[in-house]
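Here's the structure, in structure tokens; my notes come after.
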Amino acid sequence: MKLMFESSIPGRGCSILPACDVPIPALPESLCRKKAPNLPQLSENDISRHYTALAGRTHGVNNGFYPLGSCTMKYNPKINEEMAALPGFTAIHPLQPEHTAQGAMAVLYQTEAALCEITGMDAMTFQPAAGAHGEFTGLLLIKAYHKYRGDNQRTKIIVPDSAHGTNPASATMAGFTVVSIPSQADGCVDLEKLRAAVGKDTAGLMLTNPNTVGLFDKNILEITQIVHDAGGLNYYDGANLNAVMGVSRPGDMGFDVVHLNLHKTFSTPHGGGGPGSGPVGCKALLAPFLPGPVVKELQGQYHFQTPEQSIGRVKSFYGNFTVVVKALAYILTMGAEGIREAAQNAVLNANYMMKKLGGVYTMAYDERCMHEFVMSLEPLKKETGISAMDIAKGLLDNGIHPPTMYFPLIVHEALMVEPTETESKETLDEAIAVFLRLYETAKKDPQTLHDAPHHTPVRRLDEVGAARNPKLRYPF
Ligand SMILES: *Cc1c(COP(=O)(O)O)cnc(C)c1O
């Protein structure tokens, strides 16, 4: 496909404005260009076709199956986009007086109430712009809590090795020392190792539950109790709430603070670099430390307030507000039952695929999974030389976006599959058939898979080179 600069024809254009019929003021010489800007010269038709062709080359949920583990690439109802695009939400200014923005404040207030109900928390901030940003904010709350109590020796955060990669990174960013504890063979936290790790220096525990191998830790109540008994607080990475929303609540599992990814679970598409939102909910004991402003209701009027011991702002104004509008529209259209059903179907779809593939592919953990499951291609690689990467490339030829690869690190040759609740049984069956066919190909004709993809616009790329030395500009 040609770049716009390569299709440019001198003299072509699409200006539809009439010639200027008012005097053009003279600009100072020093501010004028010496040479016309180097822009592609194309008709509107050329431009439209160019972008339409480009769009056809990307893969999204609207094109096909996208089982990218730990990312919740689900279909999001367009009605929620329409709600977020209402002029009453998009045409307001963040510095408007409160009494003129009561509707927008009601959205923040109601979404906070709904998400606190779903998570079992007491208060919430919508400032963080992403999941990792929420983790950082939540950890600052924990830090502020210990500091306020004069408990300054609590400098360590315990992070199981089945946590999402952002967890240890956020803890380090927040100034804590990370203590990593290994998982047991069944993928759950090793309680003995946890008991040995906690002490007077424990600020808290950060847990991803369901964890990155797709399992719900069955000892969750014991885990949070061990940390509380040692004087620490419990942080719940709720980015993958899709698996448990409406069924179980972090607040009931003994967690004090949680972040959610509205751009995974609550109707904002994940990926593409669009705005996200990683609200942080907390128990009452941490509410005085939340970033400000938060919305309070007083005699039927909404007001902004900054909590007394606030850690300060973590983002400008109120976070990515329209993402919150989409979340509220989603929650209200789904209702309590719909939310629960979405979680149940997410878990059902993952287990269906896992069972159908389990007889052939090697599952990293042969237990009932939550919203995703992890396979290890290590045995297949030993036998045939076909790696997780080769299977992923083979999927591309079949119009399927690959699962998350080589993550979690505790599983070798990992493929992590998250089908999500919005896929039909027919789509799952098709994907299962593709996975099984690729397995056959691995055994019979491995070279075909080593050479895959065959039918994509570009073949195998130098992925390290693309990341380290990206070519983002046209060399004129
Ligand atoms: C996606 C994810 C995150 C990070 O969220 P971002 O919005 O990408 O920063 C953190 N934890 C888990 C478990 C996730 O799946």
Side-chain angles (χ1 to χ4, degrees), residues 61 66-74 76 115 119 125-140 157 159-174 178 180 183 187 189 205-217 220 234-245 250 253 255 257-281 314-315 319-320 323-324 326-327 343 346-347 350 369-374 401 403-411 414 416-421:
V61 173
Y66 203 141
L68 190 68
S70 204
C71 287
T72 310
M73 307 302 282
K74 65 189 194 180
N76 291 296
L115 290 176
T119 54
T125 172
F126 289 102
Q127 273 200 3
H133 195 189
E135 292 170 27
F136 179 69
T137 306
L139 288 161
L140 291 186
I157 292 282
V159 184
D161 64 1
S162 61
H164 194 266
T166 49
N167 292 183
S170 302
T172 307
M173 288 275 290
V178 174
S180 177
S183 311
V189 172
L205 167 89
M206 254 187 127
L207 198 89
T208 308
N209 192 35
N211 60 23
T212 56
V213 294
L215 302 177
F216 188 97
D217 204 307
I220 197 66
N234 292 301
Y235 183 97
Y236 184 98
D237 180 334
N240 297 326
L241 208 73
N242 224 48
V244 298
M245 59 181 180
M253 299 176 210
F255 286 90
V257 52
V258 53
H259 87 264
L260 305 176
N261 277 32
L262 300 189
H263 51 287
K264 280 180 185 167
T265 315
F266 293 97
S267 199
T268 283
H270 188 207
S277 176
V280 171
V314 296
K315 194 179 186 305
N320 286 325
V323 180
V324 181
K326 282 186 265 182
V347 173
C369 67
M370 296 299 287
H371 59 302
E372 62 194 0
F373 60 93
V374 182
H401 192 286
T404 295
M405 308 188 302
Y406 297 99
F407 183 84
L409 302 175
I410 50 179
V411 176
M416 180 198 225
V417 183
E418 180 183 5
T420 81
E421 77 280 9

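Reckoned from all heavy atoms, side chains included, excluding hydrogens, waters and symmetry mates. Just follow the structure's listing: the first ligand is 1, and inside any ligand the first atom is 1.
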Could you pull out all residues at least two apart from [X] that satisfy side-chain contact (heavy atoms from CB on, under 4.5 Å)?
{"X": "Thr268", "value": "His263, Val323, Lys326"}
{"X": "Val314", "value": "Gln127, Pro128, His133, Thr137, Pro291, Ile311"}
{"X": "Ala239", "value": "Asp237, His259, Asn261, Lys264"}

Could you report the tightest heavy-atom contact between Leu140 and Ala174, atom names first, then the distance? CD2-CB, 4.1 Å
Does a donor on one side chain sit under 3.5 Å from an acceptor on the other, for Ser180 and Asp161? no
Pair Asn240, Thr208: side-chain N/O donor-acceptor within cut-off below 3.5 Å: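 No donor-acceptor contact under 3.5 Å links the two side chains.
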Give a table of atom pairs where an N or O of ligand 1 lies under 3.5 Å from a protein N or O.
unit_1: ligand 1; atom_1: 5 (O); unit_2: Asn261; atom_2: ND2; d: 3.0
unit_1: ligand 1; atom_1: 7 (O); unit_2: Gly131; atom_2: N; d: 2.8
unit_1: ligand 1; atom_1: 7 (O); unit_2: Asn261; atom_2: ND2; d: 3.2
unit_1: ligand 1; atom_1: 7 (O); unit_2: His263; atom_2: NE2; d: 2.6
unit_1: ligand 1; atom_1: 9 (O); unit_2: Gly131; atom_2: N; d: 3.3
unit_1: ligand 1; atom_1: 9 (O); unit_2: Ala132; atom_2: N; d: 2.8
unit_1: ligand 1; atom_1: 11 (N); unit_2: His164; atom_2: ND1; d: 3.4
unit_1: ligand 1; atom_1: 11 (N); unit_2: Asp237; atom_2: OD1; d: 3.2
unit_1: ligand 1; atom_1: 11 (N); unit_2: Asp237; atom_2: OD2; d: 2.6
unit_1: ligand 1; atom_1: 15 (O); unit_2: Ser70; atom_2: O; d: 3.0
unit_1: ligand 1; atom_1: 15 (O); unit_2: Ser70; atom_2: OG; d: 2.8
unit_1: ligand 1; atom_1: 15 (O); unit_2: Asn240; atom_2: OD1; d: 3.3
unit_1: ligand 1; atom_1: 15 (O); unit_2: Lys264; atom_2: NZ; d: 2.6

